Structures are given as C-alpha cells and as structure tokens.
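Okay, structure first, notes after.
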Number of protein chains: 2
Amino acid sequence: MATSRANEILPVLEQEIVTGSLKPGTRLDETILAEKFNVSRTPIREALNRLSASGLVEIRPRRGAIVAAISVQDLMNMFEVMADLEALCARLAARRISPAEKTALLDAHESCHALSGTEDFDEYYVHNLRLHDLLYKASHNNFLEKQVRELRHRLSAHRRLQVRIPGRILASSNEHGALVEAVIKGDAALAEKLTRDHVAIQGERFTDFLSTLPSHYLRASA
Amino acid sequence: MATSRANEILPVLEQEIVTGSLKPGTRLDETILAEKFNVSRTPIREALNRLSASGLVEIRPRRGAIVAAISVQDLMNMFEVMADLEALCARLAARRISPAEKTALLDAHESCHALSGTEDFDEYYVHNLRLHDLLYKASHNNFLEKQVRELRHRLSAHRRLQVRIPGRILASSNEHGALVEAVIKGDAALAEKLTRDHVAIQGERFTDFLSTLPSHYLRASA
DNA sequence: GAATCATTTCTTGTATACAAGAAAACATAT
DNA sequence: ATATGTTTTCTTGTATACAAGAAATGATTC
C-alpha cells in the first residue's frame, strides 16, 4: 500500500461526517470502528486525533470521541470568518491573478452562468465550487488557500441545511459576474466588498436559514 | 494525575518549539522523546500528531517528524492572514464591545502607553499581547478568537526574528491609541483599517525584517 | 575510485496486552 | 420510591511486541 492504514481511514471517516451519514453527536467507539475497518484500535485513534484537530470530531478525555456538534452560534461565527477569508482571497486575487487564471476564472463563471436559469442546485454547487477554488488559488497565498479550504470543508458538513431559495442560482450567478469583473479589472476593494456580501449569511436569507435548522443545532455547544 | 500523559507532553513540546529551543528542521525521534519523558512511544506519537495538525510539527509518512520549517514565503502568507483576521476582530469589536470590555481595553492600553518611552521590548510584548487578546474577546466570535490565537501561537515560534527598531514601542503604542479610540467610538471601518496597518509587515520595516532572517528561512518549504 | 546492488540496521506503523478511570448496574438505607 | 454508596463492566489510555518500509552500510562490478 502506498500509505499507512490510518491515512486511508481518515478520509473515509471524514467523508461520512461531511456527507452527514454520521450525524453530529454520534459516538465514535474505537473498538467498533476498528472492527468496521478491520484494523486495531491504534490507527483508529490516530485518525480520530487528526479529525479532532480539524474540528470535525470532538474528543473528551477518557470519555471518547463524538462527531462534533455545532451550535447555531458556532455556525454564524464560522460563516463570519469564512466570508472574511474569502474576501481576502478576492482582494489579493484582484492584485495578483495571472492571465491564465483570468481565463480559467471566466470559464468557471460561464459554467455557472449557463445554469442561472435553472434550479439545479447540485450541479450549480460543483461549478460554484470551482469558481471559488480558482479565486483561492489566484490569491497566491498558499497558507490562506489552505485555511479557507479547511474551513469550507468543515462547513460543508452542514451543507444539507443550505436554503434552496427559488431564483437563488440566478442571483448568485449575477453576483459572481460582478465579482469576476472586479477581480479581472484589478479593483481589489470592490472585489473584497462583493465577496463579503456574496458569502455572508445575512438579512432575510439568514432568517430563512435559521428556520430550517434541525433541533440538534439549537442546543449550546463548545 | 488530572489528565493523560499525552496531554502533559504536548504543551511541553509545544513550548520548546515556540521558544526556539527546538529549532526548525530538528528531527523528533519518537524513541528518544519517549525516554526523555519516561513514557512509551504511544503518548509521544499522539502528541506529535496533534502538533502536526497545529502546524508546529511536520510529519513525513514513514520518515518521522521534524520541527516545521517555514519559508519566508510562508511567513509572509501567514502574516497576511493574521493581519486580516485581527482586522476582522477589530471591526466586530467596534460593533460588539461591552462596557466592561471597554474599561479593560483602556486599561491595557494604559499599560502599553506607560512603556512607550522605553525600549523594554519584552515587557511591552506582554501588555501588547493582553491588549490584542482583549480585542479578540471583544469580537464576540469564539471561533474567530480561537483561529487568531492559534495562528499567533504558531507565528510566535518565530518571534525571535522580530525586528526591534528603536522607537518602535512608541509608534506601536500610538497606533494602539488610535485603534482603541476607534473601537470605543464604534467606528468599525476605521478600526479595521488601523489594525491591518498595525499588524501587517510592510514597507521598509519588511526589508529590515528580511535582512535579519537566519539562513534556514531562505530555503523553500511546503 | 565511483557507481550500483544487496544486506543489515534502524525507525516508523500496527497489533495486542494491560492499567486505570468513567459509566452503568445493583444493593442498601431512609 | 428515591437517594446514596458500592461493585461491576466497559472504554479509553499506555506499554510492549511485532511487522514493514527507509536509510545506512558494505560488497561487487566496471
């Protein structure tokens, strides 16, 4: 095998958490997981440790690991940071983007725009991701890129909650249009502002969002 | 013992890395560390795993762990993100700070200001830290606070590099004065801008900074 | 003498055995 | 019946033993 078993187990668990097949609060019994993966507890413990560092699982000393439960407060906080980091990406991208990256960005925007008349949220999600990814890359700050990716990954565990408002794809695509234009023009301040508004959950959209939350989000957590 | 041994070992190693008694690139042999701490390799491995997640240690599969080596590029990137996150703290603090927090902030600023005539960088560091900590808290975003703390902790491993320019304490303290005033007035945009300028490494200060770097920063890294 | 290949040694990664703390089950008393 | 205290059981945390890959050493060839 190219890599150790712990390194194989980690992404599988990660995926199960992110897709929601392992729900927040679920106990992650080391012995049971060891049987499931046909390994000893040792590599399981290693994987859990790393997942706890990335925030997806919570390890309570001597009391085992659970899938991290996130409160509404936590979610709001994380979105607030996410919006800011993405805005930083956009600001830097406006100053540093290369010609090749400009082409790719326009292409990704085209793909999004092509779906703007539809309500195909899943398909749109993919292209939307690609566009945002390109912006991270264009920031030419690897550390920032890694941080944003990690945070987005963590938030994606709660993507099921996403509000699917009719017409949202069109609106989002239009916001992208202005953003892409600002980045390509090199207008850093505008790119930053547009991204903040684009990512942030706010106003009536946030109210909608809250009303769709499953009950386990309404308890407090760390 | 109140906590497990791995949880005792971790902060010790962390401290040795942060203070620089373990230099970047140093191999962290599990067996040797196990002897040093009088434990088996198991808790050592756990501690190293967690340190790698926080970025202080780099684990190369099957090739052991080393103290993370950071390139100049990495440092610049991290400072760029740090400045932005602190600026976000300041912006949010300006909107959310409580009366009690205002008092504490003014007090911390007083402590800094009292040193502004001196060149006592170590003493200033402590009070400067307290002031910035209060700003993180006043953002009332726990996730953000945690992220900024973690990043600062990671950067503090390289604090030895800090340029100690004569008069810098006075300048810093003056910058604090304007920042504190903006936060207390509730001027979010100004607080944000002042913080960015305050934290960012830029202009001639950055040239000085570069010229003080030990050679191991000048190689490329991850 | 340099380069390449095999062998040995050393270190990491995993499995298993054991220790210790937490939760659960049970018994006793009020 | 509830509450408290004890015992048992179960799970995590650590130690040790073993397996497997990487680096180092040495042998062989050109």
Side-chain angles (χ1 to χ4, degrees), chain A residues 1-17 22-69 216 219-222, chain B residues 1-17 22-69 216 219-222:
Chain A
M1 307 205 181
T3 178
S4 65
R5 310 231 223 202
N7 288 331
E8 298 169 26
I9 292 165
L10 187 122
V12 177
L13 278 177
E14 205 167 34
Q15 204 55 26
E16 293 191 19
I17 294 173
L22 285 173
K23 297 203 191 326
T26 309
R27 278 189 99 279
L28 298 166
D29 186 286
E30 296 177 0
T31 311
I32 293 173
L33 287 174
E35 282 169 15
K36 179 174 163 186
F37 286 98
N38 272 309
V39 294
S40 77
R41 281 173 47 220
T42 311
I44 298 290
R45 282 177 67 84
E46 259 196 55
L48 289 178
N49 255 310
R50 296 198 196 158
L51 286 172
S52 104
S54 77
L56 285 173
V57 314
E58 187 181 335
I59 293 181
R60 304 157 303 175
R62 295 254 176 223
R63 299 191 53 213
I66 58 172
V67 178
H216 63 255
R219 293 167 315 190
S221 90
Chain B
M1 304 201 183
T3 177
S4 64
R5 311 229 227 214
N7 289 330
E8 298 169 26
I9 292 166
L10 186 119
V12 176
L13 278 178
E14 204 167 35
Q15 204 55 27
E16 294 192 18
I17 294 173
L22 284 173
K23 298 205 190 325
T26 308
R27 277 190 100 280
L28 298 166
D29 186 287
E30 296 177 0
T31 310
I32 293 172
L33 287 173
E35 281 170 15
K36 179 173 162 187
F37 286 98
N38 271 308
V39 293
S40 78
R41 280 172 47 219
T42 310
I44 298 290
R45 281 178 67 84
E46 256 193 61
L48 289 178
N49 257 309
R50 296 196 198 160
L51 286 172
S52 102
S54 77
L56 285 173
V57 160
E58 187 182 336
I59 292 182
R60 305 158 302 173
R62 295 255 177 222
R63 300 191 52 212
I66 58 172
V67 178
H216 62 257
R219 292 168 316 190
S221 94

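The sequence lines fix the lettering, A, B, ..., with proteins before strands; numbering per chain opens at 1. Quick caveat: nothing in here was measured; it's all calculated off a predicted structure.
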Taking only heavy atoms on the protein side, list every residue of residues 30-40 of chain B lying under 4.0 Å from any atom of DNA chain D, sorted numerically.
B:V39, B:S40

Polar pairs (N or O, both sides) under 3.5 Å between protein and nucleotides 8-10 of chain D?
none

As a quick check of understanding, evaluate side chain to side chain donor-acceptor pair (under 3.5 Å) for A:R50 and A:N7, giving each step before the final call.
CA-CA 10 Å; A:R50 296 198 196 158; A:N7 288 331; 2.7 Å; yes

Looking only at the side chains, is there a donor atom on one of A:N49 and B:R45 sitting less than 3.5 Å from an acceptor on the other?
no

Give a yes/no answer on whether the side chain of B:R41 brings an N or O atom under 4.0 Å of OP1 or OP2 in C:dT14.
no

Distances under 3.5 Å only, N/O to N/O: pair up the protein atoms with those of nucleotides 23-25 of chain C.
from   : atom 1 : to    : atom 2 : distance (Å)
C:dA23 : OP1    : A:R63 : NE     : 2.2
C:dA23 : OP1    : A:R63 : NH2    : 3.1

Hey, can you pull the residues of residues 45-57 of chain B with a non-hydrogen atom under 4.0 angstrom from DNA chain D?
none

Nearest heavy-atom approach of B:V67 to B:K23 is CB-O, 3.4 Å

Spatial distance of atom OG (A:S54) from atom CG (A:L10) [nearest 0.5 Å]
7.5 Å

Using side-chain contact (heavy atoms from CB on, under 4.5 Å) as the criterion, list what pairs up with A:A6, not counting sequence neighbours.
A:S4, A:P43, A:E46

Just to verify, what does B:I66 make a side-chain contact (heavy atoms from CB on, under 4.5 Å) with, not counting sequence neighbours?
B:R27, B:E58, B:R60

Under the side-chain contact (heavy atoms from CB on, under 4.5 Å) test, residues paired with A:A34 that sit two or more places apart
A:R41, A:I44

List the residues meeting side-chain contact (heavy atoms from CB on, under 4.5 Å) with B:E16, not counting sequence neighbours, and say none if there are none.
B:V12, B:S21, B:L22, B:K36

Rounded at 0.5 Å granularity, tell me how far CG in A:L33 sits from CG in A:L13.
5.5 Å

